Amino acid sequence: MDFTDQRLSYEKGTLDQQSVPASPFELLKSWVNEATDQQVKEPYAMSLATCGADQKPSVRIVLMREITDKGVVFYTNYDSAKGQDIAENPNAEVLFFWHELERQIRISGHVAKIDADKSAQYFQKRPHDSQVGAWVSQPQSGVVASRALMEDKFEQLQNQYPQGEKVPTPAFWGGYEITINEIEFWQGRANRVHDRIVYSHDADSNDWTTKRLLP
Ligand SMILES: Cc1cc2nc3c(=O)[nH]c(=O)nc-3n(C[C@H](O)[C@H](O)[C@H](O)COP(=O)(O)O)c2cc1C
């Protein structure tokens, strides 16, 4: 397959270093809101890149569940491949791409587990069957011989914890917060001369500085 004749011109917006807000969180929230308004499906879905001690990067989608005053939170299985990577190397990146707005947001930061109580609170808010699903998928990323084995385990757990009964929060499941060190806002422009504004955090002063990057 050859895609070299496929090209779109990006012309939906602009991004100007002089007019961006001082805090990147303001811009992040307003871009997420605009993506929601533009009917982007699951605008909070983001690609998460991690790299463990083997130096091999790996990437997958997770759902951003919260924007805090430090960064973004997602939930997963701590024993998963990504959990292993994070235990070995807490540096990670996440990326949002919203074609409808011709925008991407790239976040680079430091990952840490959130408070177990907060994870439990969120776990208990999830639908009963998703809670059961979390128990089925242990250890997430491990090899399983067949789908039938997973379905049997699901059924067995459904019997153990029928609808309406509390499913215990697994110790192996919870949230991670990515504290943002750098965040880049990318707005597609015509002729591949795109706008890129990156905010960098200074830990000592707690200030953000911005730079424009070549596209
Ligand atoms: C739209 C979408 C949303 C997803 N959300 C999550 C999530 O929030 N947490 C999660 O652990 N996996 C989520 N997944 C599954 C992951 O992409 C991945 O398959 C899984 O976490 C195992 O990744 P790992 O083996 O690299 O650890 C999602 C997948 C898709 C396509």
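Along the sequence shown, residues are numbered consecutively beginning with 1. Just so it is clear, the structure is predicted and the values come from calculations on it, not from any experiment. Whatever order the structure lists them in is the order used to number ligands and atoms, beginning at 1.
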Under 6.0 Å between the ring centres of Tyr199 and His201?
no
Say whether Asn77, considering both its backbone and side-chain N or O atoms, lies within less than 3.5 Å of an N or O atom on ligand 1.
no
Is it the side chain (CB and beyond), the backbone, both or neither of Glu42 that lies under 4.0 Å from ligand 1, heavy atoms counted?
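The side chain, only.
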Does ligand 1 have a heavy atom under 4.0 Å from the side chain of Ala81, from its backbone, from both, or from neither?
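Both of them.
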I need the nearest protein heavy-atom contact for [atom]: residue, atom name and distance, please.
{"atom": "atom 9 (N) of ligand 1", "answer": "Tyr75 O, 2.9 Å"}
{"atom": "atom 24 (P) of ligand 1", "answer": "Ser141 OG, 3.5 Å"}
{"atom": "atom 18 (C) of ligand 1", "answer": "Arg60 CG, 3.9 Å"}
{"atom": "atom 8 (O) of ligand 1", "answer": "Leu63 N, 3.0 Å"}
{"atom": "atom 6 (C) of ligand 1", "answer": "Val62 CA, 3.6 Å"}
{"atom": "atom 21 (O) of ligand 1", "answer": "Lys82 NZ, 2.6 Å"}
{"atom": "atom 16 (C) of ligand 1", "answer": "Ile61 O, 3.1 Å"}
{"atom": "atom 11 (O) of ligand 1", "answer": "Thr76 OG1, 2.6 Å"}

Can you confirm whether the side chains of [X] and [Y] place a donor and an acceptor under 3.5 Å from each other?
{"X": "Ser9", "Y": "Glu11", "result": "yes"}
{"X": "Asp129", "Y": "Gln158", "result": "yes"}
{"X": "Asn77", "Y": "Ser137", "result": "no"}

Greater than 12 external heavy atoms within 6.0 Å of Glu155's CD
no
As a test of understanding, state which of Phe172, Tyr161, Phe154 forms a ring pair (Phe, Tyr, Trp, His ring centres under 6.0 Å) with Trp135.
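That would be Phe172; it is the only one of Phe172, Tyr161, Phe154 passing the ring pair (Phe, Tyr, Trp, His ring centres under 6.0 Å) with Trp135.
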Would Thr169 and Tyr122 satisfy side chain to side chain contact (heavy atoms under 4.5 Å, CB included), going step by step from the backbone distance to the final call?
CA-CA 9 Å; Thr169 307; Tyr122 173 62; over 6 Å; no
Counting from 1 in the order shown, the ligand 1 atoms closer than 4.0 Å to a non-hydrogen atom of Ser80 are 27 (O)
Look at the side-chain heavy atoms of Ile, Leu, Val, Met, Phe, Trp and Tyr, link any pair under 4.5 Å apart, and say whether Ile67 and Tyr75 land in one connected group.
no
